[in-house]
Amino acid sequence: MFEQIERVPGDAILGLIEAFKKDTNPNKVDLGVGVYRDAHGDTPVMRAVKQAEDYLLKNETTKTYIGSHGAPQYGEAVLSMVLGETSAVLDAKRASATQSPGGTGALRLAADFIASQLPGKGIWVSDPTWPNHHGIFTAAGITLHTYPYVDANNRLDFDGMLSALNHIPEGDVVVLHACCHNPTGFDLSHEQWQQVLEVLRERALLPLIDFAYQGFGQGLDEDAYAVRLLAENLDEVMITSSCSKNFGIYCERTGCLITVAKNTEEMENVRSQIAIVARENYSNPPAHGSAIVSQILHTPELEAVWREELTEMRDRINTLRRGFVEALKPYGLDTRFAHIAEQQGMFSYTGLSPEQVDRLRDEFGIYMVRSGRANVAGFSTENLPYLAKAVAAVC
């Protein structure tokens with residue numbers, strides 16, 4: 001039977017990894033893979049994570065299952081981190097946390113829950129969005145639609161977005177990026193989020209908030225503004241949280257699906273259904289990553305170290321954004337690319353065309369996705385002059 005199976009193209013970003021490894025250019029730069037990199041191009045293990053692991057290694061007493069919803073102490077810690085320590089939603093017991101294998105696993109939990117419990121509802125994602133959104137929701141059998149997000153001039157198209165939201169069928173699901181929009185880096189202002197809230201409420205739309213980069217924009221609490229605004233002002237919200245980036249534990253696959261319901265009873269009903277979805281997908285989530293996060297967030301000394309490290313990572317990225325625009329000044333391109341300094345998070349929609357991206361790869365050994373999306377964490381003070389010269393050459 002396998003003789004009939006056709007080979008399909010590999011993931012574009014994974015292909016970039018292989019091409020980058022084979023490139024012999026000594027000045028090559030990887031701006032494709034979506035992981036944080038330090039000044040040396042490495043993705044280090046955070047100090048707080050190593051200390052938490054040392055403690056776990058010495059004190060761990062079992063390797064038993066942790067249950068379909070995951071470790072309770074992890075869920076409590078993430079709920080507080082995402083919704084706030086003084087959250088009225090938590091006080092009212094309206095929110096539930098289900099640990100998942102990464103943020104991707106949380107999205108799949110949400111997709112399968114929507115497919116089984118809200119049949120016929122469509123899902124709307126921004127254009128563009130993280131490419132895997134398309135794969136996850138389509139695989140769950142949900143009809144996928146898009147709303148505008150970036151215009152032809154590579155700027156945030158909020159008017160187009162709001163107009164589209166006003167025409168989405170009542171009761172459909174809208175995927176929103178809480179902060180550090182992937183792949184564009186363009187985020188909404190507080191005033192714009194207020195307008196989105198009104199449309200969601202008026203049209204009875206269900207927000208599914210992808211919150212993968214908490215702490216990478218302006219700060220842990222600042223980045224949660226939209227999440228907390230919607231959760232506190234709407235009866236029903238779904239949130240997918242990831243610890244991959246802000247704890248640097250990519251390979252531990254540590255995420256969480258948070259559901260907010262109108263009251264405790266409805267929340268428990270939803271929670272029971274999500275447990276079934278988790279059971280049918282992977283039974284139990286992996287335990288190590290959640291144990292690391294729990295140890296850090298429940299130990300004041302470790303949490304202080306972690307917050308300091310996260311601030312360093314965020315500040316480094318923001319400094320590099322401004323540095324890149326400054327490096328383009330001698331070429332008269334600083335105004336054209338000024339938006340890069342205004343965007344947030346690891347990613348930037350640079351505005352470079354596919355042809356320009358190809359030239360950067362072929363002529364300069366600079367690798368990024370053909371959409372022009374660059375991982376800003378791949379910048380460094382050492383390679384900024386080279387990057388600026390190359391971009392000027394292809395522009």
Side-chain angles (χ1 to χ4, degrees), residues 13 29-53 77-78 81-82 102-103 130 177-187 210-225 227 240-256 289-290 292-297 299-327 340-350 368 373-384 387:
I13 294 180
V29 181
D30 181 6
L31 304 180
V33 183
V35 297
Y36 176 80
R37 298 184 186 280
D38 63 16
H40 306 290
D42 301 321
T43 303
V45 180
M46 297 173 78
R47 299 188 303 276
V49 169
K50 291 300 291 183
Q51 291 177 44
E53 287 186 309
V78 173
M81 181 175 70
V82 171
W130 181 48
H177 298 234
C179 69
C180 307
H181 184 277
N182 182 4
T184 72
F186 291 113
D187 285 350
D210 191 335
F211 198 19
Y213 294 93
Q214 184 176 7
F216 267 76
Q218 298 179 4
L220 283 167
D221 292 320
E222 292 86 346
D223 291 347
Y225 174 82
V227 176
T240 58
S241 172
S242 171
C243 294
S244 294
K245 291 81 179 177
N246 52 15
F247 286 86
I249 50 174
Y250 299 90
C251 67
E252 302 297 353
R253 311 310 301 132
T254 309
C256 189
S290 64
I292 293 170
V293 173
S294 297
Q295 186 63 29
I296 291 173
L297 294 182
T299 308
E301 296 81 8
L302 282 183
E303 183 178 0
V305 173
W306 168 68
R307 284 176 175 267
E308 179 182 340
E309 291 181 275
L310 182 58
T311 299
E312 291 171 358
M313 294 161 70
R314 178 176 65 250
D315 288 348
R316 177 176 176 272
I317 289 175
N318 291 334
T319 299
L320 289 169
R321 284 184 176 279
R322 295 188 295 270
F324 178 66
V325 175
E326 189 69 23
I340 292 179
E342 300 164 2
Q343 295 164 335
Q344 293 193 121
M346 287 204 302
F347 300 117
S348 169
Y349 239 39
T350 60
M368 67 176 73
R373 187 216 78 174
N375 179 9
V376 181
F379 293 178
S380 70
T381 53
E382 288 75 20
N383 66 29
L384 282 181
L387 287 170

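All of these numbers come straight from a predicted model, not from anything done at the bench.
Closest non-hydrogen pair, V78 versus S241, comes out as CG1-OG, 4.0 Å. Contact detail for A224 and V82: the closest heavy-atom pair is CB-O, 3.6 Å. Across every non-hydrogen atom of S348 and V376, the tightest pair is CB-CG2, 3.8 Å. Across all non-hydrogen atoms, the minimal contact from V45 to K50 is CG1-CD, 3.3 Å. The two atoms that bring N383 and G378 nearest to each other are ND2-O, 3.1 Å, heavy atoms only. Among all heavy-atom pairs drawn from A39 and S380, the shortest one is O-CB, 4.2 Å.
A distance-only check finds a donor-acceptor pair linking the side chain of Q343 to the backbone of T184 [under 3.5 Å]. Without hydrogens or angle criteria, Q214 side chain to L220 main chain gives a donor-acceptor distance under 3.5 Å. A donor-acceptor pair under 3.5 Å links the side-chain atoms of R321 to the main chain of G345, judged by distance alone. Side-chain atoms of N375 never come within 3.5 Å of backbone atoms of G32 as a donor-acceptor pair (strictly under, hydrogens ignored). Panel note: side chain T43, backbone Y36; a donor-acceptor pair is recorded below 3.5 Å. Of the possible polar contacts, one joining the D223 side chain to the F216 backbone as a donor-acceptor pair under 3.5 Å is found.
With respect to the salt-bridge test (charged N to carboxylate O, under 4.0 angstrom), the residues R316 and E312 do not qualify.
Between the CD1 atom of I340 and the CG atom of L320 there is a distance of 12.0 Å, given to the nearest 0.5 Å. Put simply, CE on M46 and CE on M313 are 5.0 Å apart, with the number rounded to the nearest 0.5 Å. With rounding to the nearest 0.5 Å, the separation of CZ in R314 from CE in M346 is 14.0 Å. Rounded to the nearest 0.5 Å, atoms CD1 (I296) and CD (E309) are 8.0 Å apart. Taking CZ of F347 as the reference point, atom CD1 of I317 lies at 9.0 Å (rounded to 0.5 Å). Atom-to-atom distance recorded for L297:CG and I292:CD1 is 11.5 Å, nearest 0.5 angstrom.
Annotation: side chain of R322 is in contact with side chain of N318 (closest heavy-atom distance under 4.5 Å). L31 has its side chain out of reach of T350: every pair of non-hydrogen atoms, C-beta onward, lies at least 4.5 Å apart.
Pairs engaging residues 245-255 under the side-chain hydrogen bond (donor to acceptor under 3.5 Å, both in side chains) rule: S244-R253 [sequence neighbours left out].
Relative ring orientation between F379 and F324 is described as tilted, the plane-to-plane angle lying within the 30° to 60° band.
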If you apply the rule side-chain contact (heavy atoms from CB on, under 4.5 Å), what do you find for N182 with D210, and how did you get there? CA-CA 10 Å; N182 182 4; D210 191 335; over 6 Å; no
